[in-house]
Amino acid sequence: MEKELDILQLADYSEQITEGDASAYLIVNQNIPDYHCMFGFTNLPDNFEDVQKLFERIENRARSFGFKNIIGPLNCSTWMNYRWAIDGFDTKLTPDCDNPAYYVDFIKKLGYEELYTYRSAMVKVDNPLYAVGEQSYQEKIQSGFVFEKYNGEECFTILEQLFDISCDAFSESELYCDIPFDYFKNLYAEKLHALNLVVFLAKTPDKKPIGYVLGYPSQDGKMFVSKSSAVKKEFQKHGFYTALLYLGLKHIKESGYDETLFHFQCEQRKSFQHFSEQIETNIKRYAVFKKEL
């Protein structure tokens with residue numbers, strides 16, 4: 001937690017507020033579109049009275065700055081840990097939001113509503129996008145595009161390329177905020193060294209990186225996590241995502257897994273897609289909340 005608090009150096013303002021055993025940070029980040037005031041880094045006891053008093057103090061402080069609404073949990077930037085699980089509390093994923101159910105009960109009781117929701121689910125490798133992606137992949141190869149595979153520590157040799165692709169691809173996404181590469185490397189990506197990463201990187205015929213998929217087997221080996229994927233805007237809706245997805249699914253299948261965890265997909269994104277009950281199981285959902293002040 002202490003190292004993660006370094007992200008607050010990028011905030012326009014931050015302040016830890018406590019009430020009894022309850023605590024949270026009030027954070028102001030003018031670089032996040034639409035919603036500049038948030039709460040984050042929360043620690044809430046199972047004691048509604050303390051939590052209620054804590055949020056009264058947070059909200060009064062936000063009003064004193066002139067803010068009309070507040071969102072959270074958001075730890076300054078969506079590059080970092082954010083959102084709470086809202087169901088599926090008995091389902092343990094890799095990684096996960098491990099907040100207890102009463103966090104959600106309390107925040108709704110305080111008048112907060114879901115702003116953006118997210119979904120994680122186990123998806124069978126043999127799904128409709130596999131064949132579509134294989135066709136897209138063959139077409140891209142024939143057109144001179146290049147697809148490279150990186151394993152383990154090799155993935156960190158292309159970290160800056162992955163960062164640049166992500167910034168381009170996600171710049172218009174919900175609650176997106178730029179962060180310097182050093183923060184991405186030292187705070188966000190540092191945790192990935194403990195995982196056996198696999199990355200497929202797509203490049204133009206003249207070797208310019210344009211997209212990637214990233215995943216890893218869970219540390220207990222029980223599942224494969226499809227964690228992130230991105231394609232630069234210029235190349236979106238041209239089959240590169242499905243081609244990369246095919247390569248990822250093919251690797252997962254060859255590694256002995258019948259399904260993969262599609263993790264933390266925003267349900268409000270236009271590209272969000274879920275499958276039928278025969279293909280998608282063990283759904284768990286999350287949310288960022290908002291309250292009008």
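Keep in mind it's a predicted model, so treat the numbers as computed, not measured.
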For the side chain of [X] and the backbone of [Y], is there at least one donor-acceptor N/O pair under 3.5 Å apart?
X	Y	value
Ser120	Phe264	yes
Lys92	Phe89	yes
Asp12	Gln30	yes
Thr260	Phe224	yes
Asp96	Asp98	no

Exercise. Who are the side-chain contact (heavy atoms from CB on, under 4.5 Å) partners of Tyr102, not counting sequence neighbours?
Worked result: Asp46, Pro100, Phe106
For [X] and [Y], which heavy atoms make the closest approach, and how far apart are they?
X	Y	value
Cys76	Ile32	O-CD1, 3.4 Å
Asp220	Ser218	OD1-OG, 2.6 Å
His263	Pro95	NE2-O, 2.6 Å
Ala287	Pro73	O-CD, 4.3 Å
Pro45	Asp50	CG-CB, 4.5 Å
Phe67	Leu293	O-CD1, 3.8 Å

When you compare the side chain of [Y] with that of [X], does any pair of heavy atoms fall below 4.5 Å?
X	Y	value
Phe55	Glu19	no
Leu74	Asn29	no
Leu214	Leu197	yes
Leu44	Asn99	no
Glu259	Val123	no
Asp6	Lys3	yes
Glu15	Tyr25	no
Ile17	Phe39	no

Measure the spacing between [atom1] of [X] and [atom2] of [Y] and express it to the nearest 0.5 Å.
X	Y	atom1	atom2	result
Ile27	Tyr13	CD1	OH	11.5 Å
Lys68	Tyr35	NZ	OH	15.5 Å
Gln16	Leu5	CD	CG	8.0 Å
Asp258	Ile252	CG	CD1	11.0 Å
Ser14	Met38	OG	CE	10.5 Å
Ile71	Tyr112	CD1	OH	10.5 Å

Given the rule that I, L, V, M, F, W and Y join up when any side-chain heavy atoms are under 4.5 Å apart, are [X] and [Y] in one cluster?
X	Y	result
Tyr130	Tyr257	yes
Val213	Leu129	yes
Ile141	Tyr212	no
Leu192	Leu93	yes
Val288	Ile107	no

More than 12 heavy atoms from other groups under 6.0 Å of [atom1] on [X]:
X	atom1	result
Glu113	CD	no
Lys291	NZ	yes
Glu49	CD	no

Exercise. Is it the case that Arg57 and Asn60 place a side-chain donor and acceptor less than 3.5 Å from each other?
Worked result: no
Exercise. Mind checking whether Tyr188 and Phe184 have parallel, tilted or perpendicular rings, split at 30° and 60°?
Worked result: parallel
Which pairs would a plain distance check flag for residues 238-249, meaning a side-chain donor or acceptor within less than 3.5 Å of a matching protein atom at least two apart in sequence or in another chain?
residue : atom : partner : partner atom : Å
Thr242  : OG1  : Ser136  : OG           : 3.1
Thr242  : OG1  : Gly239  : O            : 3.1

Problem set entry | Listed partners of Asp126 passing salt bridge (charged side-chain N to carboxylate O under 4.0 Å, His left out), at least two apart | Lys253
Exercise. Do the charged groups of Glu280 and Arg119 touch, with an N to O distance under 4.0 Å?
Worked result: yes
Problem set entry | Salt-bridge contact Lys191-Glu4 (side-chain N to carboxylate O under 4.0 Å) | yes
If you look only at pairs with a residue in [range], which of them pass as a side chain to side chain donor-acceptor pair (under 3.5 Å), with sequence neighbours excluded?
range	result
residues 76-90	none
residues 149-160	Glu148-Tyr150, Lys149-His251, Glu153-His193
residues 168-185	Ser171-Lys233, Tyr176-Asp178

For this session: Test Asp21 against Asn47 for side-chain contact (heavy atoms from CB on, under 4.5 Å), laying out the working first.
Result: CA-CA 9 Å; Asp21 293 328; Asn47 177 339; over 6 Å; no
Problem set entry | Residue pair Lys232, Lys208: steps toward the side-chain contact (heavy atoms from CB on, under 4.5 Å) verdict | CA-CA 11 Å; Lys232 287 188 173 182; Lys208 294 180 181 178; over 6 Å; no
Exercise. Under the side-chain contact (heavy atoms from CB on, under 4.5 Å) criterion, do Thr204 and Phe145 qualify, and how do the steps go?
Worked result: CA-CA 5 Å; Thr204 60; Phe145 289 90; 4.2 Å; yes
For this session: For Phe181 and Asp164, run side-chain contact (heavy atoms from CB on, under 4.5 Å): C-alpha distance rounded to whole Å, both residues' side-chain angles, the deciding distance at 0.1 Å, then the answer.
Result: CA-CA 9 Å; Phe181 175 70; Asp164 289 341; over 6 Å; no
Problem set entry | Geometric cation-pi criterion, Lys109 with Phe48: 6.0 Å, 45° | yes
